[in-house]
Number of protein chains: 2
Amino acid sequence: MSTRRKTPLHIEVTESHQCSVDLRLRILHGLPFFADLPHADVEQVNRLFHEYGYAPNETICFAGDSAERLFVVADGRVKLMRHSLSGKNVLLDMLTPGEFFGSLSALKDDVYPDTAEAQTQSCVLSIGASDFRRILEKHPMVALKVLEITSARLREAQERVRQLSALTVEGRVANVLLVLGRKFGKRSDVGLLIESPLTRDDLAAMTGTTTESASRVMSQFQKDGLIQTGRKWVSILAQEALERIAEAEAE
Amino acid sequence: MSTRRKTPLHIEVTESHQCSVDLRLRILHGLPFFADLPHADVEQVNRLFHEYGYAPNETICFAGDSAERLFVVADGRVKLMRHSLSGKNVLLDMLTPGEFFGSLSALKDDVYPDTAEAQTQSCVLSIGASDFRRILEKHPMVALKVLEITSARLREAQERVRQLSALTVEGRVANVLLVLGRKFGKRSDVGLLIESPLTRDDLAAMTGTTTESASRVMSQFQKDGLIQTGRKWVSILAQEALERIAEAEAE
DNA sequence: CGACGAATTGAACCTATTCAAAGGGTGTGG
DNA sequence: CCACACCCTTTGAATAGGTTCAATTCGTCG
């Protein structure tokens with residue numbers, strides 16, 4: 001078994017951090033909230049967006065900075081993190097192309113509540129908060145779609161609050177693995193491979209525990225044949241068994 | 001000191017659970033998201049709302065039920081709770097007049113993610129989800145306002161995730177007390193009185209701990225002269241000291 | 001190959017939970 | 001109006017789950 005490659009993850013590494021103009025337009029057109037927008041309007045909107053490339057671990061915006069822009073992931077993976085004074089940071093979300101973050105409000109004195117960091121090489125589009133607001137005002141259907149997405153995220157965040165309150169570390173890790181499997185999962189010869197580089201630190205920051213506890217739980221899951229995992233990658237073998245653990249709410 | 005009344009809380013108990021038509025119109029006009037709406041439109045919108053009264057501990061809507069309506073608190077206090085199979089429930093929010101809950105989406109197969117329960121005698125207005133959606137489509141400014149509120153709530157929920165991940169029970173209780181103080185606080189002869197009946201169970205469900213732990217922390221706070229508390233009420237004496245505890249992130 | 005970052009594992013410690021029991025205030029019914 | 005009953009609250013002691021600190025192993029990339 002040692003002859004097999006250890007890292008089944010293939011992360012695209014483009015030469016330039018910029019994403020192509022072609023990709024950029026495709027992203028905008030494919031954005032959930034621009035989906036219903038007439039072609040001409042998207043073209044117009046396109047001109048308001050700027051584009052930046054980021055290397056892995058590079059910060060896109062800092063929590064506390066004046067929040068003047070809205071960002072849209074075009075390519076790569078972006079981590080949304082909230083800091084604590086103690087250094088024990090929380091990983092709130094991992095964003096894929098099409099998802100947005102940053103400022104939605106028009107308030108001038110607003111600041112970003114979170115730090116956004118590229119997890120892989122990424123391309124991010126951004127637009128001035130006031131420009132985006134003008135779009136929302138002009139296109140009610142876009143505003144409604146953004147509201148729907150925000151609303152769904154609120155539910156997810158509240159579900160996480162519930163889990164942190166009611167579940168053990170084991171249950172929370174199982175839940176996160178299932179969510180990531182749904183979001184990043186791709187069938188492969190090692191199971192449902194989560195296509196995103198994922199350290200024990202990340203896992204800990206997503207479940208409100210320590211690196212060591214996350215590691216212990218993952219080791220146990222692997223021993224039990226539920227997952228397959230290595231350095232910076234995870235793959236799910238027994239989804240149903242994980243679901244049982246995820247839903248087992250400390251009776 | 002035993003001559004003083006023990007319960008400084010005054011909860012209005014109206015005969016009827018219904019709120020007056022007068023109050024109802026005033027509420028609609030005062031709603032954050034209807035604030036900018038022309039008078040005539042509000043009158044029109046008013047006709048789409050239904051009105052119900054609830055006794056303390058009565059359930060307004062059940063998690064899992066088909067989500068067809070949006071609710072607005074007109075009078076009283078409403079608890080938003082998310083259940084766990086184990087019975088360890090989580091108190092997500094305590095709503096005051098003007099705040100909304102229920103369904104924002106137009107999806108037909110949607111269900112309420114939470115159970116809403118009257119904490120005090122309450123009056124609640126409700127509107128069909130599709131009717132509300134039509135209002136949002138017709139009045140972009142209303143949609144934007146709703147988006148802003150939802151967005152702010154998302155931030156709060158994420159802040160709670162951070163706290164559950166990074167703070168001790170003591171820190172989380174201190175935080176909740178400060179938030180409630182800001183939301184319900186009224187200066188009185190016993191300090192900043194939180195005008196909402198609040199049990200140790202509620203506190204535990206808001207901080208992800210047990211009734212006993214919440215009680216222990218509250219006892220300690222009282223011993224230290226930070227708060228004054230009794231059966232179903234709390235008052236803050238030393239806000240700054242609480243803030244220090246709330247921000248002390250387990251170094 | 002060598003070095004660094006990531007992951008694992010062990011053992012002591014500690015916070016918070018659990019289970020159990022007793023005390024206290026409120027409001028209701030006699 | 002008083003007394004009782006119920007629910008809320010408090011407190012104690014034992015336990016468990018998780019953290020912390022420290023040391024080691026392992027894998028990947030330069």
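Quick note on labels: first sequence line is chain A, next is B, and so on, each numbered from 1. Please read these numbers as outputs of a predicted model, since none were measured by experiment.
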Peer 1: Find the distance B:L164:CG to C:dA16:C1' and express it as a whole number of Å.
Peer 2: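 Atom CG in B:L164 sits about 14 Å away from atom C1' in C:dA16.
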
Peer 1: May I ask you to evaluate whether B:T210 reaches the phosphate of C:dT17, defined as a side-chain N or O under 4.0 Å from OP1 or OP2?
Peer 2: yes

Peer 1: Taking atom P of D:dT9 as reference, at what distance in whole Å does atom CD1 of B:I227 sit?
Peer 2: 12 Å

Peer 1: If the condition is side chain to side chain donor-acceptor pair (under 3.5 Å), which residues does A:R26 pass it with, not counting sequence neighbours?
Peer 2: A:D22

Peer 1: What residues form a side chain to side chain donor-acceptor pair (under 3.5 Å) with A:R200, not counting sequence neighbours?
Peer 2: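 So A:R200 forms a side chain to side chain donor-acceptor pair (under 3.5 Å) with A:T229.
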
Peer 1: Do B:R82's NZ or CZ and the ring of B:F101 fall within the cation-pi criteria of under 6.0 Å and 45°?
Peer 2: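 Geometry flag: not set, cation outside 6.0 Å or 45°.
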
Peer 1: Over how many whole Å does the gap from B:E170 atom CD to C:dC14 atom C1' extend?
Peer 2: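 My rounded result for the distance is 14 Å.
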
Peer 1: Can you tell me the distance, in whole Å, between the CZ atom of B:F221 and the C1' atom of D:dT10?
Peer 2: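 Nearest whole value for this atom pair: 16 Å.
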
Peer 1: Restricting to salt bridge (charged side-chain N to carboxylate O under 4.0 Å, His left out), what partner residues turn up for A:K183, sequence neighbours left out?
Peer 2: A:D93, A:E99

Peer 1: What one-letter contact string describes nucleotides 5-12 of chain C from 5' to 3', where B marks a base within less than 4.0 Å of any protein heavy atom, S marks contact via sugar-phosphate atoms alone, and - marks no contact?
Peer 2: BSSBBBB-

Peer 1: Between C:dA16 atom P and A:L167 atom CG, what is the distance in whole Å?
Peer 2: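 It is 18 Å, rounded to the nearest whole Å.
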
Peer 1: Return no unless some side-chain N or O of B:T7 is found under 4.0 Å from OP1 or OP2 of C:dT26.
Peer 2: yes

Peer 1: Which residues satisfy the salt bridge (charged side-chain N to carboxylate O under 4.0 Å, His left out) test with A:R182, sequence neighbours excluded?
Peer 2: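 By the salt bridge (charged side-chain N to carboxylate O under 4.0 Å, His left out) rule, A:R182 matches no residue at all.
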
Peer 1: Please set out all donor-acceptor pairs under 3.5 angstrom arising from side-chain atoms of residues 208-219 of chain A, sequence neighbours excluded.
Peer 2:
{"from": "A:T210", "atom 1": "OG1", "to": "A:S213", "atom 2": "N", "distance (Å)": "3.2"}
{"from": "A:T210", "atom 1": "OG1", "to": "A:S213", "atom 2": "OG", "distance (Å)": "3.2"}
{"from": "A:T211", "atom 1": "OG1", "to": "A:D201", "atom 2": "OD1", "distance (Å)": "2.8"}
{"from": "A:S219", "atom 1": "OG", "to": "A:S215", "atom 2": "O", "distance (Å)": "3.0"}

